[in-house]
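What you see below is based on every heavy atom in this structure, not just the backbone, and it leaves out hydrogens, waters and symmetry mates.
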Amino acid sequence: MKNDAFKLIQNNRSAYHEYYIEEKIEAGLSLYGTEVKSIRQNKVNLKDSFAYIKDGEAFVAGMHISPYEQGNIFNKDPLRVRRLLLNKREIRRLKEVTQKQGYTLIPTDIHFKGPYAKLTIGIAKGKKLYDKRDTSAKRDASRDIQRAMKRDS
């Protein structure tokens, strides 16, 4: 059972602000040892990252993994493009979805599942400015309601 342990490392909160996440897919990451050690120390940033499909393979770009302090010559470029480990059927389906108007692949979180680093990719559609305001207003209203209910009880 210990191998099924789930440990969230980083959540991409800006993805939920900028996009409607319609579906999520978990993908493995092709990483070097120093990158894994750096991720275990929570030194990863997903803020400006995105995923894409090219030549039948899935990649994630813009994901910043800070160099490992004790890594010296084995450290890789922090912003290098990393390959995602998905099966052929999943890649084909993602390619079909991203060819639709307005859809893109956005990393929503990075976590460890047992000893393996996994990236959750969301099939996302961009929000307009008025959608962002509406979401913010709804969140504020529900927060006010929760506060009022807590105060009354």
Exercise for the section: Look only at the side chain of Glu57 and the backbone of Lys54, and say whether a donor-acceptor pair between them is shorter than 3.5 Å. Expected result: no

Exercise for the section: Answer yes or no on whether Arg40 is positioned over the face of Phe112, meaning its NZ or CZ is under 6.0 Å from the six-membered ring centre and within 45° of the axis. Expected result: yes

Problem - Contact summary for Ile110 and Leu29, nearest pair of heavy atoms - result: CD1-CD1, 3.6 Å

Problem - Heavy-atom pair with the smallest gap, counting every atom of Gly28 and Lys118 - result: CA-CD, 4.1 Å

Practice task
Evaluate the side-chain proximity of Ile145 to Met149: yes if any heavy-atom separation is below 4.5 Å, no if none is.
Solution key: yes

Problem - Over 12 foreign heavy atoms within 6.0 Å of OH, Tyr32 - result: no

Practice task
Answer yes or no: does atom CZ of Arg13 have more than 12 heavy-atom neighbours from other residues, nucleotides or ligands under 6.0 Å?
Solution key: no

Completion exercise
OG of Ser14 to CG of Asp48, rounded to nearest 0.5 Å, is 7.0 Å

Exercise for the section: Taking Thr120 for its side chain and Glu26 for its backbone only, find out whether a donor-acceptor pair lies under 3.5 Å. Expected result: no

Problem - Shared hydrophobic cluster for Leu31 and Phe50 (ILVMFWY, side-chain gaps under 4.5 Å) - result: no

Exercise for the section: Please round to the nearest 0.5 Å and tell me the distance separating atom CZ of Arg82 and atom CG of Leu79. Expected result: 7.5 Å

Fill in the blank from the handout: Closest heavy-atom pair, Gly122 versus Ile21, reported as atoms and distance to 0.1 Å, is CA-CG2, 3.9 Å

Exercise for the section: Please determine which of Val60, Leu94, Val97, Ile25 meets the side-chain contact (heavy atoms from CB on, under 4.5 Å) test together with Leu105. Expected result: Leu94

Handout entry: Main-chain N/O of Gln146 paired to Arg151 side chain as donor or acceptor, under 3.5 Å
Key = no

Practice task
Using the rule that two of Ile, Leu, Val, Met, Phe, Trp, Tyr join whenever any of their side-chain heavy atoms come within less than 4.5 Å, decide whether Ile106 and Ile123 are in one cluster.
Solution key: no

Problem - side chain to side chain contact (heavy atoms under 4.5 Å, CB included) between Thr98 and Lys100, worked out - result: CA-CA 5 Å; Thr98 55; Lys100 291 181 188 173; over 6 Å; no

Practice task
Check the hydrophobic clustering (I, L, V, M, F, W, Y; side-chain heavy atoms under 4.5 Å; chains of links allowed) and say if Phe59 and Leu86 are grouped together.
Solution key: no

Handout entry: Cluster link Ile121 to Ile9, ILVMFWY, side chain under 4.5 Å
Key = yes

Handout entry: Check: Glu35 main-chain N/O paired with Ser38 side-chain donor or acceptor under 3.5 Å
Key = no

Exercise for the section: Kindly check if the number of other-residue, nucleotide or ligand heavy atoms within 6.0 Å of CZ (Arg89) is above 12? Expected result: no

Problem - Asn45 side, atom CG; His64 side, atom NE2 - distance, nearest 0.5 Å - result: 7.5 Å

Exercise for the section: Could you tell me which non-hydrogen atom of Gly126 sits nearest to which non-hydrogen atom of Tyr20, and how far apart they are? Expected result: O-CD1, 4.4 Å

Exercise for the section: Might you work through the side chain to side chain contact (heavy atoms under 4.5 Å, CB included) test for Lys125 and Glu22, ending with a clear yes or no? Expected result: CA-CA 8 Å; Lys125 190 170 180 120; Glu22 296 186 1; 4.0 Å; yes

Practice task
Could you check if a side-chain atom of Glu90 sits within less than 4.5 angstrom of a side-chain atom of Asn87, using non-hydrogen atoms only?
Solution key: yes

Practice task
For the pair Glu96 (side chain) and Arg93 (backbone), establish whether a donor and an acceptor sit closer than 3.5 Å, ignoring hydrogens and angles.
Solution key: no

Practice task
Output yes when a side-chain donor or acceptor of Asn12 lies under 3.5 Å from a complementary backbone atom of Pro107, and no otherwise.
Solution key: yes

Exercise for the section: Report the distance from atom CD1 of Ile39 to atom NZ of Lys43, rounding to the nearest 0.5 Å. Expected result: 13.0 Å

Problem - More than 12 heavy atoms of other groups within 6.0 Å of Lys37 NZ - result: no

Practice task
Verify the cluster assignment for Leu119 and Tyr19: are they in a single hydrophobic cluster under the rule of side-chain heavy atoms below 4.5 Å apart?
Solution key: no

Completion exercise
What one should report as the nearest heavy-atom pair of Met63 and Ser49 is N-CB, 3.7 Å

